[in-house]
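When a ligand or atom number is given, it counts from 1 through the structure's own listing order. Model, not experiment: these values are computed from the prediction.
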Amino acid sequence: MPYSAHIDSFTRDNLPPVAEQPEFLFELPELKFPERLNCAVPLLDQHVAEGRGERVCIQAPGLRWTYADLQAQANRIANVLVKDLGVVPGNRVLLRAPNNPMMAACWFAVMKVGAVATATMPLLRAKELKHVIAKAKVSHALCDLRLANELKLAAAESPELKHIRYFNDSGADGLEAAMAKQSAAFDTVDTARDDTCVLAFTSGTTGQPKATMHFHRDVMASCVCWPPYVLRPVADDIFMGTPPLAFTFGLGGLLLFPLSVGASTVLLEQGAPQDLVDAVLKYKATILFTAPTSYRAIAALAGPLRGSSLKKCVSAGEALPAATRDLWREATGIEMIDGIGATELMHIFISADEAHARSGATGTVVPGYAACVMDDQGKPAPVGEVGNLAVKGPTGCRYLADERQAKYVNNGWNYTGDAYSMDADGYFHFHSRTDDMIISAGYNIAGPEVEDALLRHPKVAECGVIGAADAERGQVVKAIVVLRPGNEPSPETAKELQDYVKQSIAPYKYPRQVEFVASLPRTETGKLQRFRLRQNNQGEQQ
Ligand code: 3UK
């Protein structure tokens with residue numbers, strides 16, 4: 001039996017069969033991890049042990065924690081988990097909070113005790129939380145008091161969830177009161193590099209959410225591939241952004257990556273455009289992480305960011321339209337760093353830094369990973385041809401007891417479900433999600449290309465392009481458009497947009513139908529919910 005620190009073997013018992021797991025690559029020297037590894041050691045304990053304890057680690061409104069502060073908080077919580085709540089290595093601990101310092105301290109506490117962090121999106125309702133608890137067999141939860149209601153409802157119907165502590169709570173039963181009785185010292189559990197430490201639920205748009213399993217070594221792999229080769233952060237960087245810590249995009253960008261280089265992070269509970277601009281200026285942030293739509297919304301307010309502390313802007317979560325890249329560069333002078341990542345792969349695997357960015361391309365494969373566009377037979381597609389994106393590297397898909405494993409992983413490759421092409425320079429170009437490709441009168445049309453064309457029209461704030469059922473053509477291209485303030489929906493505006501698209505891309509791709517709406521349905525991670533656009537056929541058609 002290989003070494004494991006887990007006493008509760010649930011995650012190990014529910015790994016996908018070896019034959020269904022992807023191939024893992026560990027060629028880079030920095031990926032040769034020791035057999036025993038707890039990611040809290042390199043990310044947190046080591047900074048303190050090596051004399052960096054007094055450096056700033058986390059800031060938030062009214063709060064500033066050094067590395068030593070975060071370690072002391074995490075240690076106290078670890079002691080509460082073990083001594084008061086009986087957590088043993090391998091147990092799943094649900095975490096639920098907006099992005100704030102206590103959420104980060106709880107995450108590290110879970111790592112330190114050798115348990116499995118199961119972070120949940122703040123907006124999840126009781127029904128969804130119940131599914132997470134049942135699927136992951138969650139025994140313990142640490143939750144921000146302000147998000148208690150839905151968890152209480154879920155807990156009432158979840159017999160396996162036995163212990164909950166609320167934080168950011170001044171009451172006698174709160175986590176802080178329990179922490180005050182505990183020591184600020186804790187011996188981090190010596191986990192195996194392949195002990196699961198994160199159960200990340202996918203932000204999938206359809207079907208029951210899947211839980212992806214990540215080991216301590218996966219957490220560290222995400223820190224040694226994309227960040228040093230593409231983002232290249234330094235210890236003086238100040239990270240900031242909007243993705244929730246429950247989303248691996250946010251976990252990496254706002255917690256793991258800054259700590260991996262001894263830098264600091266600013267955790268904000270609110271990510272509205274003006275709040276974010278103000279916060280960048282107030283905290284002198286140097287690196288920003290958010291989704292393409294958020295950059296688009298901030299661009300109009302972003303003037304003050306030109307020449308400010310802000311140097312690097314990372315976009316992920318969905319395709320970055322070239323129109324948005326241009327808009328952001330015009331507003332701030334900053335060339336964005338686009339990157340495609342996935343919950344199944346932990347973080348970004350194709351990207352380009354600001355010097356190598358090319359409009360309309362996501363970038364090249366990140367060192368440590370291999371990527372290939374495959375045809376429908378699973379063979380590499382010729383250069384320039386659209387096919388299915390396949391990836392492998394040090395991280396990869398392991399769904400917890402889920403038959404969809406066989407769909408994501410094939411022949412050792414992770415299939416992300418994206419239609420991509422690769423050009424002669426090795427740049428990967430996103431076309432659409434494979435399920436979202438529009439087929440109209442025999443033509444394959446990628447909605448995002450039509451969206452990019454529409455986004456360049458001055459009257460368009462946001463848009464989504466889908467295939468609408470059509471008796472004659474199978475599907476027709478349909479644009480759902482949010483106009484910028486001051487523009488009224490009208491048949492004339494629809495015509496104007498249609499003509500505009502016809503002039504900028506192949507005319508057969510123009511939207512035969514245009515619908516105006518006040519807002520578009522999005523997930524908490526900034527993704528357009530195209531399936532909802534396809535379902536809703538209300539609104540005024542022009
Ligand atoms: C899409 C992109 C084009 C793509 C994520 C960075 O988004 C993340 O994870 P999810 O599991 O979704 C994965 C899917 O989202 N996507 C993400 N980024 C891009 N498409 N260009 C992009 N830059 O369909 C992918 O398959 O929610 C992103 C880091 C960690 C993540 N978990």
Side-chain angles (χ1 to χ4, degrees), residues 119 121 198-207 209-212 214 218-219 221-223 225-227 230-231 241-257 289-295 313-322 324-325 336-352 357-366 369 371 388-391 393 395-397 399 404 407-408 413-421 427-437 446-449 451-452 522-531:
M121 297 288 185
V198 167
L199 269 184
F201 279 78
T202 57
S203 53
T205 42
T206 45
K210 294 160 276 190
T212 65
H214 296 293
D218 301 325
V219 169
S222 75
C223 295
C225 290
W226 179 78
V230 182
L231 182 65
T242 62
L245 293 174
F247 179 29
T248 60
F249 179 39
L251 179 67
L254 301 177
L255 192 61
L256 309 176
F257 304 163
F289 282 77
T290 189
T293 49
S294 170
Y295 282 109
C313 296
V314 179
S315 170
E318 68 176 354
L320 173 64
T324 302
R325 177 185 280 288
M336 288 200 315
I337 302 176
D338 186 10
I340 175 174
T343 308
E344 288 81 353
L345 285 121
M346 189 87 193
H347 222 270
I348 293 174
F349 46 83
I350 291 174
S351 182
R358 289 196 190 169
S359 232
T362 312
T364 55
V365 68
V366 168
Y369 287 85
N388 305 308
L389 182 64
V391 192
T395 58
C397 178
Y399 290 136
R404 288 168 288 186
K407 189 161 178 255
Y408 203 92
W413 292 90
N414 298 277
Y415 281 81
T416 64
D418 297 294
Y420 258 84
S421 61
Y427 276 76
F428 286 82
H429 299 252
F430 174 83
H431 292 264
S432 75
R433 293 282 307 165
T434 41
D435 299 343
D436 291 335
M437 195 60 91
E449 185 187 358
E451 289 163 15
D452 183 53
R522 291 194 183 275
T523 64
E524 237 185 306
T525 58
K527 288 188 214 293
L528 181 61
Q529 293 173 304
R530 287 170 206 278
F531 75 99

Review point. Would one find an N or O of T248, backbone or side chain, under 3.5 Å from an N or O of ligand 1?
Key: yes
Check your understanding: For ligand 1, is any non-hydrogen atom under 4.0 Å from T343's backbone (N, CA, C, O), its side chain (CB onward), both, or neither?
Key -> both
Check your understanding: Counting heavy atoms only, which part of I340 comes closer than 4.0 Å to ligand 1: side chain, backbone, both or neither?
Key -> both
Check your understanding: Can you check whether F430 and Y420 have ring centres sitting under 6.0 Å from each other?
Key -> yes
Exercise for review: State whether a side-chain donor-acceptor pair under 3.5 Å links Y369 with T395.
Suggested key: yes
Check your understanding: What part of K527, side chain, backbone, both or neither, has a heavy atom within less than 4.0 angstrom of ligand 1?
Key -> side chain
**Study point:** Structural part of Y420 in contact with ligand 1, heavy atom criterion under 4.0 angstrom
**Key:** side chain
Review point. Distance-only, no hydrogens or angles: does the T290 side chain make a donor-acceptor pair with backbone N or O of S294 under 3.5 Å?
Key: no
Review point. Which is it for F249 and ligand 1 at heavy atoms under 4.0 Å: side chain, backbone, both or neither?
Key: both
**Study point:** Pairing of E318 and R433 as salt bridge, 4.0 angstrom limit
**Key:** no
Point to revise | Short side-chain to backbone donor-acceptor contact, D418 and L389, under 3.5 Å | key: no
Point to revise | Any N or O of D338 closer than 3.5 Å to N or O of ligand 1 | key: yes
